[in-house]
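As the structure is a prediction and not an experimental result, all values here were calculated from the model.
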Amino acid sequence: QVTLVESGGGLVQTGGSLRLSCAASGRTWNIYHMAWFRQAPGKERDFVATINWFTPTTRYSDSVKGRFAISRDNTNKKLYLQMNSLRPEDTAVYYCAAATNSEGTPQYDYWGQGTQVTVSS
């Protein structure tokens with residue numbers, strides 16, 4: 001079992017920055033990938049960024065590439081999402097997720113409770 005707890009969300013104006021954190025606990029030695037997703041009201045959950053826990057190679061959605069940066073602290077089992085140049089369309093609940101499969105498409109079986117990010121116009 002893996003437990004994920006997000007923090008760092010809040011209200012920010014357009015063009016501002018926020019740094020989200022996700023603390024992982026439990027059977028963390030099985031984690032091979034972690035990721036950030038987001039979901040706005042009335043929309044489906046969207047992929048934001050992912051990181052291989054060990055390499056640590058990264059991948060971003062086109063909508064956030066160049067503005068967001070995903071990183072991890074392997075010692076303390078923490079995941080981060082640095083968000084810069086925020087836009088109103090970035091407003092959503094942000095979730096961190098963990099995958100335990102080491103090959104193929106990551107299967108995100110563990111999810112945090114989410115943290116609200118609101119970007120005002």
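Using a 4.5 Å cut-off between side-chain heavy atoms of Ile, Leu, Val, Met, Phe, Trp and Tyr, Val5 forms no hydrophobic cluster with any other residue.
Taking the six-membered ring for Trp and the full ring otherwise, Trp111 and Phe37 have centroids separated by under 6.0 Å.
When the side chain to side chain donor-acceptor pair (under 3.5 Å) test is applied to Ser21, no partner is found at least two apart in sequence or on another chain. Scanning for side chain to side chain donor-acceptor pair (under 3.5 Å) contacts around Asp73 gives Asn76, with sequence neighbours left out. The salt bridge (charged side-chain N to carboxylate O under 4.0 Å, His left out) test applied to Lys78 returns no partner, not counting sequence neighbours.
For residues 111-121, no residue pair satisfies the salt bridge (Lys or Arg N to Asp or Glu O under 4.0 Å) rule, not counting sequence neighbours. Here disulfide (SG to SG under 2.5 Å) pairs that include residues 6-113, with residues two or more places apart or in two chains, are Cys22-Cys96. Under the ring pair (Phe, Tyr, Trp, His ring centres under 6.0 Å) criterion, no residue pair touches residues 71-102, with sequence neighbours excluded. For residues 5-32, no pair satisfies salt bridge (Lys or Arg N to Asp or Glu O under 4.0 Å), with sequence neighbours left out. Identified under the salt bridge (Lys or Arg N to Asp or Glu O under 4.0 Å) test for residues 52-64, with sequence neighbours left out: Asp62-Lys65. Residue pairs meeting the salt bridge (Lys or Arg N to Asp or Glu O under 4.0 Å) criterion with at least one partner in residues 34-56, sequence neighbours excluded, are Arg38-Asp90. For the side chain to side chain donor-acceptor pair (under 3.5 Å) condition, the pairs that include at least one residue of residues 47-57, sequence neighbours left out, are Thr50-Tyr108, Asn52-Thr55, Trp53-Asn74, Thr55-Thr57.
Contact of the Leu20 side chain with the Thr115 side chain is registered, since non-hydrogen atoms from C-beta on lie closer than 4.5 Å. Contact check for Arg67 versus Arg87: side-chain heavy atoms found under the 4.5 Å cut-off.
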Per-pair distances, 0.1 Å, donor-acceptor, side chain in residues 7-14, under 3.5 Å, sequence neighbours excluded:
| residue | atom | partner | partner atom | Å |
| --- | --- | --- | --- | --- |
| Thr14 | OG1 | Ser120 | O | 2.7 |

